[in-house]
Amino acid sequence: MKKYTASPISRKRFLQLCGSIAAGTAIAAVSGAAATQAIRRRSADYFWQIDPSKCTFCGRCEKECVLTVSAVKCIHANKVCGYCDLCGGYYRANVKDLNTAAENLMCPTGAIKREYVEDPYFEYTIDESLCNGCGKCAKGCNSFGNGSLYLQVKQELCKSCNECKISKVCPADAIRRVARGKAYMLKDA
Amino acid sequence: MKSCMKKLIEILILILLSAAAEAQSRFPKPDFESGYQYPTFSYAVPGETLWSTVDVILLAAMMSVTAWAVIRQRRRTPVFIVSIISVLYFGFFRSGCICSVGAIQNVILSFIDSSYAMPLTVFLVFILPVIFTFFFGRVFCAGVCPFGALQELVNIKNFRLSKAVSAALGIIPWIYLIFAILYAATRSSFIICRFDPFIGIFRMGGDAGMITFGGLLLVASAFTGRPFCRFLCPYGALLSLFSRFSIWRISITPSCISCELCHNACPVAAIRPPYENKVKERRRDGVKRLLAYLIFLPVMALAGALAGRMASHSLSTVNKDIRLYRQVAQNEVNPRDIQPVDVEVFFSQGGTVDELEARAAKIGADFKAYSTAAGALIGLVVAITLINLSVKRTRKTYEIDHAACVACGRCFGYCPQNIKHQRTNDMSKKDSIRVQGVGK
Ligand code: SF4
Ligand code: SF4
Ligand code: SF4
Ligand code: SF4
């Protein structure tokens, strides 16, 4: 009888050893599995981008980003733009007078700059410091114009969240990760 | 009625699709005569690759320093410095993502979803602290983790919670971990990232609710050690497993005089005082107790599994596709004039109810399986906690519970024996230098 009760310490040590072996094996197994995976799927996608062909400009990008001012901004693809006088992204639909009074403009923050180029063309530029990513202009441009205004995640603002919060509410499933090499999905690229 | 709706929707889709196809060519490209040049914008990617390499190197270096400080030097000062660097660099400068705590989810996702490729740095950020913990105890938690470091730095007082309360609250990290795995494995959500209380503080902005919660946690951690680490952190739960079986580890000063000072100083109640178990258990009773456990554990697991299975329907609401499916289904039964945005977009993109239904059914089945497993695990965790609470073991000396010890090194500064030891060590070092100097 004595023999069995004699050494609680060595039993503890033994359990400890078993645990250590199990823990070590677990680490080795997970590392091994991850290594084989890394070999199988080479390039890892890292940056969040909006697929411009999917986005429906629902407006959630403005509200859902974890940043106080969304990392999503409007981008203008000049090479796609028609340089229209009557811009569907600049003016609201059915405005009475085509002047730059705020109630006529699509952009709630006045972030779109309009500049005369030559008859009948106007150049539109986004002031990113004002843009809040609401996508109103992009929606207008896509329904009445060439769709040269669109929304995109700006990498220098984006925190590259482990899981982009917007991606979980985007109705169009437009937000996905892209590889480091091509961190922007551009319309005129 | 239903088929009529479907027809209508199909026609709608066709119209929308043709409109979308036209969208690019409504207005021709202007040909400028004034020599207008298209402006060029550069969309440069910040040096993210560089930074993530720096992250990994710093992570390993800071954990090595901590291990050296707490195991070889038995001093807290280096840990304190590491904490400050961590809060400034990992916390405020790098502002959170990716962190080791959240990386659990990426690892799980990469094993489940073959289309998800996990960046190597993310894996290293996950596995390095685990490896270090396996070798040296929770040196990551000591001060390298910005969350732990932040709580540690604001801690001034150390009110104790009763053993039962801390044991009960201590179940939460395990449940959190299990749910995080459940939701990552079903590709639903990264809940650790979503409910991160400190990232809003580090980013100085964000979800108001989470920032408030983070602020409250910090206030709490001023008065009791690391509430987030002890009662919430899922990674801490995982690390505690590896720490329990770590190879080299922090120890009580060998010449301990049982003064109790370290016990009072430990912020996470990891030092257990000596205890004499008066009730001598007979062998027969011991066997009986063991048998009772052997029945109790599976019963709890089974109960948990059942509960998990029953909850799987509501648990799956977190999944986006399931939510969409339920909305669409509701819309089918009871069509509204103005459809919810998600439903509208779903149809406008050419989605069909059948395809969505199949997808939702598959995810639902996944949820059923995973929730059952999760429930069983939670049942086991609860059972083990209860058993641990009921078992009393004799301890002859002060002992460190390595699962709980976060290797912060606070106890070293309180231990009179340790201080004495270090003084004499320092003296002899100085002496030997002086002696050498004289010798020259
Ligand atoms: S949430 Fe999706 S659809 Fe809505 S604006 Fe953002 S990317 Fe576009
Ligand atoms: S990854 Fe984060 S910061 Fe970037 S757009 Fe998404 S929510 Fe905003
Ligand atoms: S328990 Fe979690 S939050 Fe606390 S230090 Fe460890 S990893 Fe960080
Ligand atoms: S190092 Fe000492 S004070 Fe810190 S957690 Fe471990 S036992 Fe407690």
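Atoms considered below: every heavy atom in the structure, side chains included; atoms not considered: hydrogens, waters and symmetry mates.
Within 6.0 Å of atom CD in Q37(B), 12 or fewer heavy atoms from other residues, nucleotides or ligands are found, so the atom counts as exposed in its surroundings. Within 6.0 Å of the CZ atom in F92(B), the count of heavy atoms belonging to other residues, nucleotides or ligands exceeds 12. Atom CZ of R244(B) sits in a sparse spot, with 12 or fewer heavy atoms from other residues, nucleotides or ligands closer than 6.0 Å. Annotation for E115(A): atom CD does not count as buried by contact number, only 12 or fewer foreign heavy atoms lying within 6.0 Å. Surrounding NZ of K63(A) are at most 12 heavy atoms belonging to other residues, nucleotides or ligands under 6.0 Å away.
Taken to the nearest 0.5 Å, the OH atom of Y38(B) stands 10.0 Å off from the CD atom of E123(A). One finds the CZ atom of F190(B) at 9.5 Å from the OG atom of S167(A) (value rounded to the nearest 0.5 Å). To the nearest 0.5 Å, atoms OG (S160(A)) and CZ (R94(B)) are separated by 9.0 Å.
Heavy-atom minimum distance, G205(B) versus T68(A): CA-OG1, 3.9 Å. In terms of heavy-atom proximity, P39(B) sits nearest to N78(A) at CG-ND2, 3.4 Å. Scanning all heavy atoms of the two residues, the minimum distance from N162(A) to A103(B) falls at ND2-N, 4.4 Å. Closest of all the heavy-atom pairs between R323(B) and K168(A) is NH2-O, 3.6 Å.
Judged by distance alone, the side chain of K54(A) and the main-chain N or O of Q349(B) form no donor-acceptor pair under 3.5 Å. Here the side chain of Q16(A) pairs no donor or acceptor atom with the backbone of I247(B) at under 3.5 angstrom.
Proximity to chain A involves both the backbone and the side chain of I131(B), based on heavy atoms less than 4.5 angstrom apart. With a threshold of 4.5 angstrom between heavy atoms, F47(A) approaches chain B through side-chain atoms but not through N, CA, C or O. The part of L15(A) that comes within reach of chain B is its backbone (N, CA, C, O), which places non-hydrogen atoms under 4.5 angstrom from that chain. Using a 4.5 Å cut-off between heavy atoms, V69(A) makes no contact with chain B at all. For chain B, no part of C65(A) is nearby; none of its heavy atoms comes within less than 4.5 Å. Contacts between S53(A) and chain B at a heavy-atom distance below 4.5 Å are absent for every atom of the residue. Of the atoms belonging to C58(A), it is side-chain heavy atoms, and not backbone ones, that fall under 4.5 Å from chain B.
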field: Evaluation steps, side-chain contact (heavy atoms from CB on, under 4.5 Å), between V66(A) and D207(B)
entry: CA-CA 7 Å; V66(A) 295; D207(B) 187 80; over 6 Å; no

task: Evaluate side-chain contact (heavy atoms from CB on, under 4.5 Å) for F245(B) paired with L17(A), printing each intermediate quantity in order.
output: CA-CA 8 Å; F245(B) 302 115; L17(A) 190 67; over 6 Å; no

- prompt: Can you check side-chain contact (heavy atoms from CB on, under 4.5 Å) on K159(A) and I199(B), steps first, answer last?
  reply: CA-CA 11 Å; K159(A) 294 287 181 191; I199(B) 198 142; over 6 Å; no

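Between E163(A) and L109(B), the closest side-chain pair of non-hydrogen atoms is not below 4.5 Å. Looking at Y43(B) and K154(A), their side chains come closer than 4.5 Å, going by heavy atoms from C-beta outward. Using a 4.5 Å cut-off on side-chain heavy atoms (C-beta onward), I27(A) and V130(B) make contact. Within the 4.5 Å cutoff, the side chain of F123(B) has heavy atoms near those of the S31(A) side chain. A heavy-atom distance below 4.5 Å is found between the side chains of F134(B) and S20(A).
Of the residues considered (V107(B), V341(B), V343(B), L120(B)), V341(B) shows the highest number of contacts with chain A, using heavy-atom pairs under 4.5 Å. Between chain B and the options R177(A), K165(A), K79(A), the largest number of non-hydrogen pairs under 4.5 Å is found for K79(A). With chain B as the partner, the residue from A34(A), A183(A), C81(A), C18(A) showing the most heavy-atom pairs under 4.5 Å is A34(A).
Applying the salt bridge (Lys or Arg N to Asp or Glu O under 4.0 Å) criterion to D173(A), with sequence neighbours excluded, gives K320(B). With sequence neighbours excluded, no residue forms a salt bridge (Lys or Arg N to Asp or Glu O under 4.0 Å) with D127(A).
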